[in-house]
Amino acid sequence: MTIPVHKYDVVIVGAGGAGLRAALQVSEAGLKTAVLSKVFPTRSHTVAAQGGVAASLGNVTEDNWHWHMYDTVKGSDWLGDQDAIEFMVKKANEVVVELEHFGMPFDRLDSGKIYQRPFGGHSQNYGEKPVNRSCAAADRTGHAMLHAMYQRNVKANTQFFVEWMALDLIRDEDGDVLGVTAMEMETGEVHIFHAKATIFATGGAGRIYYSSTNAFINTGDGVGMAARAGIPLEDMEFWQFHPTGVAGAGVLITEGVRGEGGILRNASGERFMERYAPNLKDLASRDVVSRSMVTEINEGRGCGPDKDHVLLDITHLSPETIMKRLPGIREISIQFAGVDPIKAPIPVVPTCHYQMGGIPTNYKGQVIVPKGDEKSVPVGGFYAAGECACASVHGANRLGTNSLLDLLVFGKSSGESVVEDLKGNPRAHKPLPANAADVSLARIARLDNQKNGESVHEVRLAMQRTMQKHAGVFRFNDLLKAGVEEIKKVAERAKTTEIKDKSKVWNTARTEALELDNLIEVAKATMISAEARKESRGAHVRDDALDTAETPAGRDDKNWLKHTLWYSEGNRLDYKPVNLQPMSADVESIALAKRTY
Amino acid sequence: MSANTKRTVQFKIYRYDPDKDNAPYMQDITVELEQSDKKLLDALVRLKVKDDSLAFRRSCREGVCGSDAMNVNGKNRLACLTDVDELPQPIVLRPLPGLPVVRDLIVDMTQFFKQYHSIKPYLINNDPPPERERLQSPEEREELNGLYECILCACCSTSCPSFWWNPDKFVGPAGLLAAYRFIADTRDQATNERLDNLEDPYRLFRCHTIMNCVDVCPKGLNPTKAIGKIKEMMVRRAV
């Protein structure tokens, strides 16, 4: 069988925020670029981001990147790499202003400058008080951003392959990446995209959990492809549970609601965050707020007939403020909670939201892996940015609004690196291995011929329930141990899923089966990495990590101040040190300290 | 009818798989919903467990990505924002009207996006970019409300008879809303060029204010009003 081969300088997989930002950089540099996306670009999940993007513009309150850096390092529970964090916070103003120049309709202050609101974990003067750092377009910042960047790419004549699903990474004997195989969803045909540089911007995999704010498409495709191709995954035990998903529906309610003055209340109406975070209260870091909420619920102070959620109250805000600053939230609340937040509080519960870990990269967006004695060697031709990547700027817990910043900064830097690397080394395309498409074709042939298998739905549900039960907001030694065995069993079951639909045309059953392969890699990585990390840090909190003088709040810097690396083959674990050194001499390392808000 | 009980829902769904069907047909199918299934999209996902060959687009399930637009009991809607219990049964589902069907509820949106792209949907400002943000007053920014929120779901354009007759010549409500979004932006410098681009018997003037677009927009936007403003500017420019 002859497989069609498309030759490009650059192939970008994913057309959300990171992919579009990277695409702009390489397209405008004149490189021949193909952007592959499972969905039309403006349907990517960046569209659902609500509250804002962080930048220390200081339009409302005094601010600077030093404070932003401190907040991000502290938010990461010191697991973030300080060189990458310094790079990101220093670039923030530049990339946000650029976006404004692209036409993004930010809200405005009376001064005509970009509107900024407070957000969780962001502070003035090293934790002293909340700061207005989140640049927002009402509560539709992601939508406004994604459309503005898509529009800018239309102007730049970027070439999109819409509704193409990348299947597998192509590597040669040297380990260099030469592109991907991809399936055109309309025809079911597999093609090869042969590239000098491949950028993954495939987003997160929140769909490994039963209850998630994530879109259906967030199936960790890039992360799964990388893992199958032998690239280790970094810090996959760290998943952010957003404090405010709509109870029952999982749909996101932005932290911007609390930034505008919203308050979390328990069954007796108490503002319970005052007990857990006396300083920043409802605007403490997300991991802290989510744990506080679960503690309230576990101790019987939850709301509703089943005492299974808490309430997010904005009834004290003026209807004008709600209509102007939080119109989308009002719509969502009416649609999915049956509540008009002008009149009554919104029932909310912590919900899986964001993958802090991912494909290991440096701040240039180059994918880095251990090789010999070295821990961070770039993989030739391979780059990653956004939620699928781990730079690592979020460490063990991401601050709200830092994700949109991450995808802008690292989308751009990965694009710049590609331009630079191809300019410095204008090598021709390396020859494709003879078997470049074999793995993908075998996966599809397996699905075409499978008999007597379970449905994709059944296996996916088993995976989601396992993750929800065994690797949630609070983690327990015995549940994690059992979870490792459970998830390995589910992974076996995924190898024999059967689909009834055998059509070549727009076969969504097949797409979902192929997505499940990716989800399974992510689920295994998460459970195995979590079981192994015998401490509490950021979003990973376990019952047997005790609060002692050497291990405050269960955090064990002596033994666990290190990044996890999980390899799919044999479920092998490795570790590498956290980079505590900033990038430049402009700032000193943020010293380890106990984390309180 | 309570949303909190298990209940069976009847569907009549347009099915067509060019790989095996000679012609489209309507499939009668029922599905039992779980308590938590509230939206039409929940029901479709449940249906797909029963028959994995049913093809439809979906992603965010909260009305911001614009994937799951379809014709529901004769009206274009987003499945994820439609309460299933409020729909008379059998619930009749068809692909968006006026665009070629690829399979089942999936249409080929090429023509729709071609029209969107034809209005140059990006900010045009040829001044060298300043170091900081371009300033815009809150009042100027408010002019963009009701315009920038479009999710490109195509509910409007595919409910518009003028778009059905001339999808290649009439820009359609979604594209024209986007055109006005840039005209109304104080940072954009291409108003004249944009008006020139629409000055022809079809591109703009095929809008006969039927207002189906306003009726179906799941985001509550008003393309007809935006189109009226463009027409007004054309007239003012002419005198």
Side-chain angles (χ1 to χ4, degrees), chain A residues 39-40 42-45 47-48 57 93 96-98 100-103 105-115 137-138 140 142-144 147-148 150-152 154-155 186 188 215-217 248-249 251-252 328 331-332 335-336 455-457 499-509 512, chain B residues 17-20 36 38-39 45 48-49 51-67 81 83 102-104 106 108-109 113 117 120-125 129-138 140-141 144-145 147-152 181-182 185 187-188 219-220:
Chain A
V39 294
F40 185 78
T42 63
R43 318 220 187 283
S44 309
H45 197 52
V47 80
L57 294 169
N93 291 6
V96 167
V97 165
E98 248 170 23
E100 193 281 326
H101 294 159
F102 294 166
F106 282 109
D107 284 4
R108 299 292 172 150
L109 299 158
D110 286 336
S111 62
K113 293 179 181 174
I114 293 171
Y115 171 78
R140 306 186 178 103
H143 170 277
H147 281 253
Y150 174 68
Q151 291 161 350
R152 186 72 178 192
V154 171
K155 191 178 181 200
E186 188 174 334
F216 282 101
I217 55 169
V251 176
L252 174 69
E331 274 175 46
I332 284 176
Q335 273 281 347
F336 294 96
S455 74
V456 171
H457 167 76
I499 55 173
K500 304 284 184 207
D501 186 359
K502 307 289 187 191
S503 174
K504 292 265 177 278
V505 180
W506 250 103
N507 187 331
T508 47
E512 289 184 28
Chain B
D17 175 2
D19 212 22
K20 66 177 177 63
S36 57
K38 295 200 169 77
K39 301 295 179 187
V45 169
K48 198 164 169 60
V49 174
D51 176 359
D52 73 6
S53 72
L54 177 65
F56 54 94
R57 293 186 177 102
R58 83 285 180 269
S59 183
C60 76
R61 61 82 162 86
E62 58 189 67
V64 292
C65 80
S67 297
L81 294 186
D83 286 324
V102 181
R103 178 177 172 179
D104 298 345
I106 293 174
D108 178 352
M109 298 186 73
F113 288 122
H117 292 150
K120 299 196 175 172
Y122 42 82
L123 193 83
I124 298 175
N125 184 318
E131 212 158 277
R132 286 287 302 250
E133 66 262 52
R134 293 196 167 99
L135 300 182
Q136 195 171 45
S137 72
E140 290 169 337
R141 166 59 184 79
L144 306 183
N145 286 350
L147 304 172
Y148 82 94
E149 302 93 326
C150 172
I151 58 173
L152 299 175
R181 176 250 173 273
F182 290 100
D185 195 324
R187 299 170 295 175
D188 191 89
K219 304 309 283 182

(request) For B:D185, check side chain to side chain contact (heavy atoms under 4.5 Å, CB included) against everything at least two apart and list the hits. (result) B:L123, B:Q136, B:L144, B:R181, B:R187, B:D188
(request) Can you tell which part of B:I124 gets under 4.5 Å to a heavy atom of chain A, answering side chain, backbone, both or neither? (result) neither
(message) For a quick check under 3.5 Å, do B:D51 and B:S53 share a side-chain donor-acceptor pair by atom type?
(response) yes
(message) Taking the six-membered ring for Trp, are B:Y122 and A:F102 closer than 6.0 Å centroid to centroid?
(response) no
(message) Between B:L152 and chain A, with a heavy-atom cut-off of 4.5 Å, which part of the residue counts as in contact: side chain, backbone, both or neither?
(response) both
(request) For chain A, find which of B:M109, B:E131, B:H117 contributes the most heavy-atom pairs closer than 4.5 angstrom. (result) B:H117
(request) Considering only heavy atoms and a distance below 4.5 Å, find which of A:H45, A:E512, A:E186 pairs most often with chain B. (result) A:E512
(message) If you count heavy-atom pairs within less than 4.5 Å of chain B, which of A:T42, A:V505, A:I217 leads?
(response) A:V505
(request) Select one option (side chain, backbone, both, neither) describing which atoms of B:F56 are under 4.5 Å from chain A's heavy atoms. (result) backbone
(request) For A:H143, enumerate each residue passing the ring-ring contact (aromatic ring centres under 6.0 Å, His included) test, keeping only those at least two apart in sequence or located in another chain. (result) A:H147
(message) Working note: A:F106 + A:Y115, criterion ring-ring contact (aromatic ring centres under 6.0 Å, His included); need CA distance, chi angles, decisive distance, verdict.
(response) CA-CA 7 Å; A:F106 282 109; A:Y115 171 78; over 10 Å; no
(message) Looking at chain A, which one of B:A55, B:S137, B:C150 has the largest number of heavy-atom pairs inside 4.5 Å, strictly under?
(response) B:C150
(message) What I want to find out is whether B:D108 reaches B:R103 closely enough, with some N-O distance under 4.0 Å, to be called a salt bridge.
(response) no
